[in-house]
Amino acid sequence: MVSARKGELVVQRLESLFGNVTFDDDYWREQNEPFWLIAETILSQNTTSANSRAAFRSLFLSYQTVEAVSLAGVQDVERAIKQAGLYEAKARSISAVAREVMETYNGDTWSFIGGSYQSARERLQNVTGIGPKTADVVLVFARDFDIIPVDTHVFRVSRRIGLAPLKGGYDAVKMALEDEIPPGKRKFAHIALIRLGREICVARGPRHWKCPLTDLCDYYQATSCDASHTC
Ligand code: SF4
């Protein structure tokens, strides 16, 4: 059992390390159109940032409005996003969201993702290809719900530190993290843990010597073999 203090300390250390972290998500905000956030999040599944960004640019330049995406054939959307990988499944999801927004919500994506966290999450997850992580990423950024979406980096890093159980799936890890991380700090924790996972606590050969969490980290405490931090 991890003490509540650990989550707070992790947040404080990551704030000192990274300062004010942000995601490059301003584009959809400029448009005030969360459809593009949903599309961007779908495109980011299981691929590199460079590929998903390129696919997103191509999608937006090809269509520019939700209505245009909804009227396009799925194969045309596939061609636009080919660089994203898994483009056939992603095109089906993006087209399905656009059609749902146009046909059921009269073109208003804010209504599609409106209401309580649970109802909005279920609505998003009713679209094939949108799972809990994609839904939560959309909802933390578009709706500012105080939640921690769990991507592959957050899974690995939070388990290594000992903020989340080693067993259990997405919701078990998310709930454990939300127990540990103080309210108001969860979006920051989501972004900072991803950055920690990309830059320092990488999957193979975590760079403990660069990490400010060694004294808090279960994995480090269990595996470190000398004071030089080279294990
Ligand atoms: S101490 Fe090492 S294993 Fe623990 S979070 Fe930092 S880099 Fe990862």
Side-chain angles (χ1 to χ4, degrees), residues 1-25 40-41 43-53 85 117 121 131-141 144-231:
M1 188 85 177
V2 177
S3 74
R5 187 92 183 111
K6 187 170 193 167
E8 292 174 25
L9 286 172
V10 167
V11 166
Q12 286 167 14
R13 305 264 182 99
L14 294 179
E15 282 175 335
S16 299
L17 182 67
F18 294 133
N20 266 340
V21 293
T22 54
F23 262 3
D24 307 332
D25 73 339
E40 205 170 9
T41 310
L43 289 171
S44 73
Q45 295 166 352
N46 302 305
T47 193
T48 63
S49 308
N51 282 347
S52 77
R53 268 201 289 271
Y117 167 61
R121 193 183 197 229
K133 185 201 81 177
T134 299
D136 284 342
V137 169
V138 169
L139 293 174
V140 77
F141 289 105
D144 270 329
F145 285 114
D146 201 15
I147 55 172
I148 305 184
V150 182
D151 82 335
T152 181
H153 298 292
V154 177
F155 254 114
R156 180 181 68 257
V157 174
S158 61
R159 282 177 164 158
R160 280 180 176 166
I161 297 168
L163 291 171
L166 296 177
K167 292 188 178 168
Y170 181 93
D171 282 321
V173 171
K174 175 175 174 288
M175 280 167 55
L177 279 170
E178 288 170 2
D179 270 356
E180 280 293 321
I181 304 296
K185 295 291 184 183
R186 293 170 184 156
K187 187 198 285 186
F188 168 83
H190 164 74
I191 299 170
L193 288 171
I194 290 174
R195 191 161 164 197
L196 186 74
R198 282 184 179 151
E199 297 175 13
I200 297 175
C201 193
V202 293
R204 290 189 189 177
R207 299 160 186 154
H208 308 304
W209 65 93
K210 288 185 166 181
C211 184
L213 304 176
T214 47
D215 60 317
L216 302 173
C217 176
D218 289 357
Y219 179 90
Y220 179 82
Q221 296 298 326
T223 59
S224 63
C225 55
D226 60 39
S228 64
H229 302 178
T230 54
C231 314

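In each ligand, atom 1 is the first atom listed, and ligand 1 is the first ligand listed. This one's a predicted model, so the numbers in the text were calculated from it and none came from an experiment.
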remark   = ligand 1 to Ile161, heavy atom cutoff 4.0 Å, flagged ligand atoms 5 (S)

ask   = What are the atoms of ligand 1, with element, lying closer than 4.0 Å to any heavy atom of Tyr219?
value = 3 (S)

request  = Check whether any side-chain heavy atom of Cys211 lies under 4.5 Å from a side-chain heavy atom of Arg160, and answer yes or no.
outcome  = no

Check: Glu199 main-chain N/O paired with Arg207 side-chain donor or acceptor under 3.5 Å = yes

ask   = Side chains of Ser224 and Thr214: closer than 4.5 Å at any heavy-atom pair?
value = no

2.8 Å cut-off met by an N, O or S atom of His208 to atom 4 (Fe) of ligand 1 = no

query = Knowing that exactly one of Glu8, Glu15, His190, Gln12 qualifies, which makes a side chain to side chain donor-acceptor pair (under 3.5 Å) with Lys185?
reply = Glu15

note = Residue, atom and distance of the protein heavy atom nearest atom 8 (Fe) of ligand 1 read Cys201 SG, 2.4 Å

Distance filter under 4.0 Å to Tyr220 heavy atoms, resulting ligand 1 atoms = 1 (S)

request  = Answer yes or no: is there a donor N or O on one side and an acceptor on the other, between the side chain of Lys133 and the main chain of Tyr170, under 3.5 Å?
outcome  = no

ask   = Looking only at non-hydrogen atoms, which of Gly162, Ser158, Cys211 approaches atom 7 (S) of ligand 1 most closely?
value = Cys211

ask   = Hey, is atom 8 (Fe) of ligand 1 within less than 2.8 Å of some N/O/S atom on Cys217?
value = no

Atoms in ligand 1 flagged as close to Thr214, the criterion being non-hydrogen separation under 4.0 Å = 1 (S)

Would you tabulate the side-chain donor-acceptor contacts of residues 148-155 under 3.5 Å, counting partners in other chains and residues two or more places apart, or write 'none'?
residue, atom, partner, partner atom, Å
Asp151, OD1, His153, N, 3.0
Asp151, OD1, Val154, N, 2.8
His153, ND1, Arg156, NH2, 3.1

query = Is there a donor-acceptor contact under 3.5 Å linking the side chains of Asp146 and Tyr117?
reply = no

inquiry  = Below 4.0 Å, non-hydrogen atoms only: which portion of Val157 touches ligand 1? Side chain, backbone, both or neither.
reply    = neither

